[in-house]
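Everything below concerns the one structure shown next.
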Amino acid sequence: MSEPALVENFHRETVRERTFAQPIVLWDETLRDGEQTPGVHFSPEEKLRIAELLSDVGIPLLNAGIPVVSEEEARAVRLLAEAGLRAKVLAAARTVPGDVEAVIRSGATHIAIFVAASNVHLRYKLKMSQEEVLNASLAAVGQAKAAGLHVAFVTEDTVRAPLDFVERLYRAVQEAGADRLVISDTVGIMTPLTFRWFLREFRRRVRPKDWSVHCHNDFGLAVANTLTALEEGVNSPHVCVNGLGERAGNTSLEELVMALESLYGVPTGIQTNRLFELSRLVEEVSGVPLAANKALVGYNSFSHEAGIHTHGILANTLTYEPLQPESLGRSRQMILGKHTGKAAVVEKLKERHATATDPLLAELLKRIKERSEQRGKVEVDKFLLTYRSLYEHPGISDAEFWQMVRGLGIATEGT
Ligand code: MN
């Protein structure tokens with residue numbers, strides 16, 4: 001019998017049939033879409049801390065923000081642009097001259113010019129016709145190119161837009177000099193199957209030289225859809241640390257990177273053994289706690305309690321772990337509890353060079369199980385209540401809002 005492997009040969013062969021773009025230019029959105037997570041705000045200094053680590057681990061391109069949002073935001077983009085990071089710094093702009101001008105002034109070398117493309121966005125949000133969107137886009141791309149910027153052209157809600165319009169718009173901006181074309185699944189409604197169809201149609205009609213996808217996780221499919229895009233030759237996927245972002249978030253940086261490295265065997269240029277450190281930093285600075293069962297960086301991802309599982313892990317970690325925790329810069333945890341088996345206890349005793357007879361082992365096991373079954377849930381209940389009260393009302397409270405309104409002398413009815 002040959003040595004066991006994580007993936008069998010059929011798997012590697014299947015992947016090899018695909019042509020992956022190289023290099024893959026990971027485009028980080030943690031500081032822009034990630035910051036748009038409800039209740040999240042990064043100061044310029046916090047953005048710099050995250051950007052420095054992103055750049056150190058090997059992220060080649062990062063969106064610093066939208067300078068026209070506020071003076072603080074403009075300061076943040078400038079701070080990052082002037083920090084001498086290895087990563088290229090990008091800033092975003094609507095198809096409005098003032099927005100593009102703000103990016104030019106920020107010192108960022110890359111710009112993402114965005115406008116909506118679908119009928120629902122054009123009619124109800126922008127109140128613009130397709131012609132107006134096209135003309136504004138061409139003007140903005142021209143303005144940014146004239147200033148020497150690397151231009152990415154983004155439409156929101158691309159996948160729900162009429163394909164003929166998508167074709168006309170993207171071909172026009174590409175001819176006008178846009179360097180990279182970005183397709184967005186703004187409301188996260190693609191599946192690997194439908195996205196594959198869309199991307200093939202886009203490639204056939206537009207012939208992009210350099211293209212990106214921006215996926216949302218409303219149905220938990222952001223990483224799967226982004227992998228599909230890479231299988232179709234997309235070279236610059238958008239990612240966010242811990243899958244932060246609007247609503248259910250964006251494609252998780254760590255999940256995408258590890259899937260590419262471990263399951264596809266495609267190099268990403270990322271120091272994966274620092275991904276846990278990056279995840280922790282973003283958890284702290286964003287204040288968005290990771291779900292315990294979050295893939296790869298969640299607390300449980302490398303913890304084992306059940307007897308059958310710990311027994312297998314102790315014999316060979318490949319039995320129940322798809323990758324080694326060290327590859328992400330973390331370690332494995334053996335949990336002693338209700339489901340613990342003999343092997344884990346024997347292993348634990350070894351820490352202090354102890355051995356026990358079978359009857360003593362059985363008694364020790366019985367006591368561990370009893371202790372964990374008796375353990376109350378007071379602490380975890382307290383934590384959950386605090387967590388819920390924080391997350392059910394993030395941002396400015398109602399009381400604070402109405403106090404501001406009264407302070408400005410705005411007349412209201414009721415109390
Ligand atoms: Mn988004």
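Just follow the structure's listing: the first ligand is 1, and inside any ligand the first atom is 1. FYI, the numbering just counts along the sequence from 1. These numbers come from the heavy atoms of this one structure, side chains and all, not from hydrogens, waters or symmetry mates.
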With 2.8 Å as the limit, count the protein N, O or S atoms near the Mn ion (ligand 1).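 Counting protein N, O and S atoms closer than 2.8 Å to the Mn ion (ligand 1) gives 3.
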Contacts of type ring pair (Phe, Tyr, Trp, His ring centres under 6.0 Å), residue Phe165, not counting sequence neighbours: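 Residues passing ring pair (Phe, Tyr, Trp, His ring centres under 6.0 Å) with Phe165: none at all.
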Within 6.0 Å of [atom1] in [X], more than 12 heavy atoms from elsewhere:
X	atom1	answer
Lys342	NZ	no
Leu193	CG	no
Glu370	CD	yes

Listed once per pair and sorted, the salt bridge (charged side-chain N to carboxylate O under 4.0 Å, His left out) pairs that draw on residues 78-92, sequence neighbours left out: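 Pairs touching residues 78-92 that pass the test: none.
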Could you go through residues 112-123 and list every donor-acceptor pair under 3.5 Å that involves a side-chain atom there, pairing it with any protein atom two or more places apart or in another chain?
from   : atom 1 : to     : atom 2 : distance (Å)
Ser118 : OG     : His121 : N      : 3.4
Ser118 : OG     : Asp157 : OD2    : 2.6
His121 : ND1    : Lys125 : NZ     : 3.3

